[in-house]
Amino acid sequence: MPGGSATPTSDGHIASISGFTNQKTADDYATDVETDQRRQVWIDLTPGRVSVEDWATRWLPTLDVDLHTHGNYYGNLRNHIVPRQGNSAFAAAMEDVLAVYARGHDPARPVVCMDEKPYQLMAHTRDPIPAAPGQDLQQDSEYVRHGTCSIFCWVEPLGGWRRVDAQPQRTKIDWVGQVERLLTVDYPDAEKVVLVTDNLNTHSVASLYEAFDPAKAFALAQRLEIHHTPKHGSWLNIAEIELSRQCLDRRIADLDALNTELATWQAATNAGQRQVDRHFTTDDARTRLRHLYPQTLEATAY
């Protein structure tokens, strides 16, 4: 039978810890705790503060409990406790992006957001019936698939500028071609383009080295300052919001027709120079989204 240990707590009460493989292991654990209390030895995982996630990662391997109990502890931490305490990587990336958005407009270092999304090309099997007074457009539920493509969207929020472009695919080489155009055609005179994008593996300066010789890849990389949105936090990307504004929830049969639609939207939007001024700040995030931040523990007695 697995053993248990009656362990004194800091307030003098007795607490029970179960799951030890035998009674001797439980008794040894209780003795170690009592010795640490008398010596006032504290577990200092990090200088000052430690996140619940980091603490749990270091704590679990030290437990001398049976596999079933260890599995229960791990499951509860992973599925219940750590998610409720937030995520340090998410908070760090979110605050980094919000700090970028707080910068003023600087033509020498424009802030540009980039996103891409897959799009399915579809054609009608028969001509739809046009809309008429008192009757909506009617179309057959059957359609013909013409493959998929990827829509790249680039937005300078404070400059009121957009560029949208559909490509047959979205490989590293496709992304690099878009970046080269951004730096040499769209912003040839900018000292550096501050790019906000998501965490796709193609969105890094490493992709430049797969398309160009090292000298050219390095030169382009030096003009890029990339900031990634957090994982599961692409809603922070203004380009993603812009993609949702386009009226593409209908059947478009081929890439040329799609790019014609995108070019029309791009020209109309750029003519109006509609800016995006995000008012959500880091201070707002720390109050209104405090549940997304990790809870921290003072490095005191355990």
Can you list the residues that meet the side-chain hydrogen bond (donor to acceptor under 3.5 Å, both in side chains) rule with Asn199, with sequence neighbours excluded?
none
Closest heavy-atom pair, Val276 versus Arg162, reported as atoms and distance to 0.1 Å, is CG2-NH2, 3.5 Å
For a quick test of reading the model, state the closest non-hydrogen atom pair linking Ser207 to Trp175 and the distance between them.
CB-CE3, 4.1 Å
Indicate yes or no: at least one non-hydrogen side-chain atom of Ile129 is less than 4.5 angstrom from one of Gln139.
no
If you define the side chain from C-beta out and look only at heavy atoms, does anything of Asp115 sit under 4.5 Å from Thr197?
no
Between Arg103 and Glu225, does any side-chain N to carboxylate O distance fall below 4.0 Å?
yes
Please name the pair of heavy atoms, one in Pro188 and one in Thr184, separated by the smallest distance, quoted to 0.1 Å.
CB-O, 3.4 Å
Answer yes or no: is there an ion pair linking Arg223 with Glu191, defined by an N-O contact shorter than 4.0 Å?
no
Say whether Leu195 and Val97 are linked into one hydrophobic cluster, either directly or through other cluster members, by side-chain heavy-atom distances under 4.5 angstrom.
no
Taking all non-hydrogen atoms of both residues, which atom of His146 and which atom of Ala253 are closest, and how far apart?
ND1-O, 3.0 Å
Is any side-chain heavy atom of Met94 closer than 4.5 Å to a side-chain heavy atom of Leu289?
yes
Just checking, any donor-acceptor pair under 3.5 angstrom between side chains of Gln275 and His105?
no
Nearest-0.5 Å distance, SG of residue Cys153 to CG of residue Leu262:
9.0 Å
Would you call the rings of Phe90 and Trp235 parallel, tilted or perpendicular, taking 30° and 60° as the class edges?
tilted
Side chains of Asp213 and Lys216, heavy atoms from C-beta outward: is any pair under 4.5 Å?
yes
Is Leu236 reachable from Leu292 through a run of hydrophobic residues whose side-chain heavy atoms are each under 4.5 Å from the next?
yes
Asp127, CG atom: more than 12 neighbouring heavy atoms under 6.0 Å
no
So how far is it from His124 NE2 to Asp140 CG, rounded to the nearest 0.5 Å?
10.0 Å
Full working for side-chain contact (heavy atoms from CB on, under 4.5 Å) between Val112 and Val155
CA-CA 5 Å; Val112 177; Val155 182; 5.9 Å; no
Evaluate side-chain contact (heavy atoms from CB on, under 4.5 Å) for Trp161 paired with Thr269, printing each intermediate quantity in order.
CA-CA 8 Å; Trp161 171 86; Thr269 307; over 6 Å; no
What's the separation between atom CG in Leu243 and atom SG in Cys113, rounded to the nearest 0.5 Å?
11.5 Å
State, without any angle test, whether Glu116 and His203 hold a side-chain donor-acceptor pair at a distance under 3.5 Å.
yes
Sub-4.5 Å side-chain heavy-atom contact between Asp198 and Met114
no
List the steps, then state whether side-chain contact (heavy atoms from CB on, under 4.5 Å) holds for Trp265 with Val164.
CA-CA 9 Å; Trp265 177 86; Val164 282; 3.9 Å; yes
Grab the two heavy atoms, one from Leu121 and one from Leu258, that are nearest each other, plus how far apart they are.
CD2-CD2, 4.2 Å
Donor on one side chain, acceptor on other, Arg163 and Gln178, under 3.5 Å:
yes
Going only through I, L, V, M, F, W and Y residues with side-chain contacts under 4.5 Å, is there a path from Val205 to Leu220?
yes
Would Trp154 and Tyr187 count as a close aromatic pair, with their ring centres under 6.0 Å?
no
Do Gln167 and Asp165 have side-chain N/O donor and acceptor atoms under 3.5 Å apart?
yes
Compare all side-chain heavy atoms of Ser150 with those of Asp174 and state whether any distance is below 4.5 angstrom.
no
For the residue pair Val193 and Ala190, what are the closest heavy atoms and their distance?
CG2-CB, 4.3 Å
Calculate, to the nearest 0.5 Å, the distance between atoms CD1 and OG1 belonging to Ile238 and Thr229 respectively.
11.5 Å
Hey, any chance Val111 and Ile226 share a hydrophobic cluster, counting ILVMFWY side chains that come within less than 4.5 Å of each other, even indirectly?
no
Rounded to the nearest 0.5 angstrom, the CE-CD1 distance for Met122 and Ile252 is 9.0 Å
Within a radius of less than 6.0 Å around CZ of Phe280, do more than 12 heavy atoms belonging to other residues, nucleotides or ligands occur?
yes
Are the side chains of Arg274 and Glu242 in touch, meaning some heavy atoms are under 4.5 Å apart?
yes
Hydrophobic cluster membership, with links at side-chain heavy-atom distances under 4.5 Å among I/L/V/M/F/W/Y: are Phe152 and Leu200 in one?
no
Is there a side-chain contact between Cys149 and Gln120 (heavy atoms, below 4.5 Å)?
no
Does the pair Tyr209 and Phe218 meet the rule for a side-chain contact (heavy atoms from CB on, under 4.5 Å), with working shown?
CA-CA 8 Å; Tyr209 286 83; Phe218 180 79; 3.5 Å; yes
ring-ring contact (aromatic ring centres under 6.0 Å, His included) against His227, all qualifying residues, sequence neighbours excluded
none
In Å, rounded to the nearest 0.5 Å, how long is the span from CG of Asp284 to CG of Leu98?
8.5 Å
Between Glu240 and Ser234, a side-chain donor and acceptor under 3.5 Å
yes
Presence of salt bridge, Arg286 and Glu95, under 4.0 angstrom
yes
